[in-house]
Amino acid sequence: MTLVSDDLSYWTSINSYRVISYFVVAAAVVVMYDWGEHYDKESLISYMNKFDLRQRQRWSLMTVLYLIVRYLGMLYVIVPTILLTDAVSLIVYVIWNWTSAVVNPMLGVIMITRLHAMYQRSRKILIFLIVTFLAVIIFSGAVAVMIAMHTSGEEIILSGTYQCTIGYGRDTPLLGAIAWIVGTVWEVFALCLAVWVAVKHFSELRQHSAGGIIGDCFTVLMKTHMFYFASFVVVSCCRLISFLSSTNLFVQSSPGIQMYEGFGEIFPAVQMFVLGPRLILGIREYHAKLVADSDAATNMASIAFQERVHILTGNGV
């Protein structure tokens, strides 16, 4: 049932929707800008995986995950800007909500692959990570299904402005909060494993007065991991506050609440579709730099060798 009202008391709600919509557009701009800025660097993904359709060579798992996460981000940030009817808006909202439910497991697979490599491809750590992550994903997926089953949409027309509100079941906020807590525990656990093996490797390198490529690689891995983890913590705090908040939509009119809701639209997009892909792109850039430096060193050695041969030949004559 559509709610139609010209009550002036609803103007605070109209203004709140308008402010939040600005942040939704800002989130879309951030994701699109990051994609445009790193579009040329995405060729590194294809290059390092020998991607060439004419040669029909297969993509690696990381390439597939990178491309899916990157381009699902476009859908995630564009869908909320579309104005639709209440029934269609509910369907679009469910699709938009499930986008994050699909992307987060993909980011988890990327994280497991990184940890597996950091632990020198240990089979035990791989099995342990997969079992733990599957438990988290199954629980989160079950919660997402229950939330979707108890979600409803309603169109409201306030002073000629069309809006769509999403209603949840009584136990939905608690289930959502528990799911995010479980996900946060997984991220903290993954960070602890990464920090442990990084500290261990750095201490070993220091004892042997070594460093170089291995030390720089671990530095890149930890840098991207820390940025991603920090963004996930911010998103988790926003989600938990949102789920546990009992305030009504029409009283969320203070500037502080509007700013909080607005940044709650930006942070998830940045965490999943900006910092998430950089978990792969960062290490690929480093690898490509090593290859470029190696090629440059080889070329310089070849030039020096040719000049030496020329000099020796000239002296012989």
**Student:** Is a side-chain N or O of Y119 found less than 3.5 angstrom from the main chain of L193, in a donor-acceptor match?
**Tutor:** yes
**Student:** Do L72 and L75 make a side-chain contact, defined as non-hydrogen atoms from C-beta onward lying under 4.5 Å apart?
**Tutor:** yes
**Student:** Do M272 and V69 have side-chain heavy atoms sitting under 4.5 Å apart?
**Tutor:** no
**Student:** Is there a path of hydrophobic side-chain contacts, each under 4.5 Å between heavy atoms, that joins Y22 and F267?
**Tutor:** no
**Student:** Evaluate the side-chain proximity of L107 to Y228: yes if any heavy-atom separation is below 4.5 Å, no if none is.
**Tutor:** yes
**Student:** Identify the two heavy atoms, one from P105 and one from I137, that lie closest to each other, and give their separation to 0.1 Å.
**Tutor:** CG-CD1, 3.6 Å
**Student:** List the atom of F263, the atom of F23, and the distance in Å for their closest heavy-atom pair.
**Tutor:** N-CD2, 3.9 Å
**Student:** Looking only at heavy atoms, what is the nearest atom pair of R114 and L221, with distance?
**Tutor:** NH2-O, 2.7 Å
**Student:** Using the ring pair (Phe, Tyr, Trp, His ring centres under 6.0 Å) rule, take F227 and F232 through it: C-alpha gap first, then chi angles, then the decisive distance, then the call.
**Tutor:** CA-CA 9 Å; F227 277 113; F232 186 89; over 10 Å; no
**Student:** Do other residues, nucleotides or ligands put more than 12 heavy atoms under 6.0 Å from the OH atom of Y33?
**Tutor:** no
**Student:** Tell me the closest heavy-atom pair linking L175 and V143, and the distance in Å.
**Tutor:** O-CG1, 3.5 Å
**Student:** Is the distance between the ring centroids of Y66 and Y71 less than 6.0 Å?
**Tutor:** no
**Student:** Parallel, tilted or perpendicular: which one describes the rings of F273 and Y76, with boundaries at 30° and 60°?
**Tutor:** tilted
**Student:** Share the residues that join V131 in a hydrophobic cluster, the rule being Ile, Leu, Val, Met, Phe, Trp or Tyr side chains under 4.5 Å apart at the heavy-atom level.
**Tutor:** I127
**Student:** Is there a donor-acceptor pair closer than 3.5 Å between any side-chain N or O of S203 and the backbone N or O of K200?
**Tutor:** yes
**Student:** Check V234, N104, V103 against Q271 for a side chain to side chain contact (heavy atoms under 4.5 Å, CB included) and give me the one that passes.
**Tutor:** N104
**Student:** In chain order, what residues pass the ring-ring contact (aromatic ring centres under 6.0 Å, His included) check against F229, with sequence neighbours excluded?
**Tutor:** none
**Student:** Tell me, please, which residues at least two apart from F133 pass ring-ring contact (aromatic ring centres under 6.0 Å, His included).
**Tutor:** W186
**Student:** For the residue pair H225 and M118, establish whether any side-chain heavy-atom pair is separated by less than 4.5 Å.
**Tutor:** no
**Student:** Evaluate the side-chain proximity of L191 to M226: yes if any heavy-atom separation is below 4.5 Å, no if none is.
**Tutor:** yes
**Student:** Determine, stepwise, if the pair V270 / V30 fulfils side-chain contact (heavy atoms from CB on, under 4.5 Å).
**Tutor:** CA-CA 8 Å; V270 173; V30 169; 3.9 Å; yes
